[in-house]
Amino acid sequence: MRTILRVAGLVLPGPLTFLAVQLAGAWQTVLAIGLLTPVIVIGAIVMMAVGIRREERAESLGSAPPGPAAAFTRRLLNVHVRQSVPTDHPATATEVTR
């Protein structure tokens, strides 16, 4: 006798039965991933907005980041600051690269 499974009106025989049972049990995982992904993306966007705002207020793009949100934004956007000349001349002491 063949093993069958009825899913949404379909009869799935043999190896497809095993696959259907596995997928039916994984819906919680798929739902959790589907809900967590947008939350993580929105959180990253909010953190970037906070970091950009702090950078603008502190006018610190040529120096160390003013906080963790600004550091996260710099790392995510791949913005680095390197020393090019001695700090005697603050206007030309740093170069912002991307």
Is F72 linked to V46 within one hydrophobic cluster, defined over Ile, Leu, Val, Met, Phe, Trp and Tyr using a side-chain heavy-atom separation of less than 4.5 Å?
no

CD1/I40 to CG/L35 distance, rounded to the nearest 0.5 angstrom?
11.0 Å

What pair of heavy atoms forms the shortest contact from I33 to T37, and how long is it?
O-OG1, 2.8 Å

Nearest heavy-atom contact between M48 and L76 is SD-CD2, 3.0 Å

Could you give the side-chain donor-acceptor pairs of residues 50-58 under 3.5 Å, partners two or more places apart or in another chain?
residue: R54; atom: NH2; partner: P66; partner atom: O; Å: 3.1
residue: E55; atom: OE1; partner: S60; partner atom: OG; Å: 2.9
residue: E55; atom: OE1; partner: R74; partner atom: NH2; Å: 3.1
residue: E55; atom: OE2; partner: R74; partner atom: NE; Å: 2.7
residue: E55; atom: OE2; partner: R74; partner atom: NH2; Å: 3.1

Is it true that, when you exclude E59 itself, more than 12 heavy atoms of the residues, nucleotides or ligands shown sit nearer than 6.0 Å to its CD?
no

